[in-house]
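Report on the structure given below.
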Amino acid sequence: MTSSYDSNNIFARILRGELPAHTVYEDADTFAFLDIMPRGDGHCLVIPRKPARNILDADPDSLAAVLRTVQKLSRAVMEAFAAPGVTVQQFNEPAGGQVVFHLHFHVIPRFEGVTLRPPGTMEKPEILAANAQKIRAALVG
Ligand code: AMP
């Protein structure tokens with residue numbers, strides 16, 4: 001069975017400007033913003049503008065554009081947080097750990113010996129705003 005794309009998923013609504021986001025980067029094909037329940041400071045999500053449920057139905061050109069932005073953001077979060085490493089994660093379908101059904105890549109700065117925080121804890125808006133600003137600054141710098 002092929003699962004379909006729901007145009008009212010949370011990230012589609014963020015793309016349409018119906019829900020707020022702490023935007024860190026955008027271009028013609030991709031959009032990047034902070035995860036509101038970060039597994040680490042500076043945890044970003046990168047999504048294509050073109051609707052795709054996940055990696056299984058994504059248009060290859062859109063996927064290529066997303067990965068270009070993932071690379072850009074990986075470098076930017078490492079610089080912004082002086083992190084020696086970065087973790088990129090991507091989940092597909094409920095059995096694969098996917099919760100929001102618009103294709104997205106997680107980009108998380110990492111530090112030696114520091115584990116990811118457990119999922120599900122909402123970050124304070126002022127901390128998200130400050131972290132987004134740091135990443136935007138690294139992208140222009
Ligand atoms: P997953 O589908 O498992 O890759 O996880 C979806 C991710 O989206 C989780 O890390 C959530 O914290 C994150 N998330 C859910 N709602 C929002 C939102 N409104 N803004 C930013 N991130 C969100």
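As the structure lists them, so they are numbered: ligands from 1, and atoms in each ligand from 1.
Within the 4.0 Å heavy-atom shell around ligand 1 one finds Phe33. Residue contact check for ligand 1: Ala21 places no non-hydrogen atom closer than 4.0 Å to it. Heavy atoms of Leu19 stay at 4.0 angstrom or farther from ligand 1.
The single protein non-hydrogen atom nearest to atom 19 (N) of ligand 1 is Ile10 CG2, 3.5 Å, given as residue, atom name and distance. If you check which protein heavy atom lies closest to atom 11 (C) of ligand 1, you get Asp35 OD1, 3.4 Å. In terms of protein heavy atoms, atom 3 (O) of ligand 1 is closest to Gly97 O, 2.7 Å.
Test His22, His106, His104 against His43 for ring-ring contact (aromatic ring centres under 6.0 Å, His included) and you get one pass: His106.
What you find for Pro48 and Ser62 is that their closest heavy atoms are CB-OG, 3.2 Å. In plain terms, the two heavy atoms of Ser74 and Val88 that are nearest each other are OG-CG2, 3.8 Å. Nearest heavy-atom pair across Ile47 and Val66 is C-CG2, 4.0 Å.
In this pair, Phe33 and Phe31 present their aromatic rings tilted. The plane angle is within the 30 to 60° band.
Interface atoms of ligand 1 facing His106, defined by a heavy-atom separation under 4.0 Å, are 1 (P), 4 (O), 5 (O), 7 (C), 10 (O). Atoms of ligand 1 found under 4.0 Å from any heavy atom of Val99 (numbered from 1 in listed order, with element): 1 (P), 2 (O), 3 (O). Of all the atoms in ligand 1, the ones that sit under 4.0 Å from a non-hydrogen atom of His104 are 1 (P), 2 (O), 4 (O), 5 (O), 6 (C). Residue-ligand proximity, Phe11 to ligand 1, at heavy-atom distances under 4.0 Å covers atoms 8 (O), 17 (C), 23 (C). Proximity to Leu45 (heavy-atom distance under 4.0 Å) selects the following atoms of ligand 1: 8 (O), 22 (N). Near Leu34, meaning under 4.0 Å from one of its heavy atoms, ligand 1 places the atoms 21 (C).
A donor-acceptor contact shorter than 3.5 Å links the side chain of Arg136 to the backbone of Thr23.
Taking distance alone, with nitrogen or oxygen atoms compared against 3.5 Å, Val100 approaches ligand 1 more closely than that limit.
Nearest-heavy-atom check against atom 22 (N) of ligand 1 across Ile47, Asn9, Ile36, Asn92 picks out Ile36.
Counted within 6.0 Å of CD on Glu126, heavy atoms from surrounding residues, nucleotides or ligands total more than 12; the atom is thus considered enclosed.
The distance from the CG atom of Leu63 to the OG1 atom of Thr30 is 12.0 Å, given to the nearest 0.5 Å.
Counting side-chain heavy-atom gaps under 4.5 Å among Ile, Leu, Val, Met, Phe, Trp and Tyr, Tyr5 is found in no cluster with other residues.
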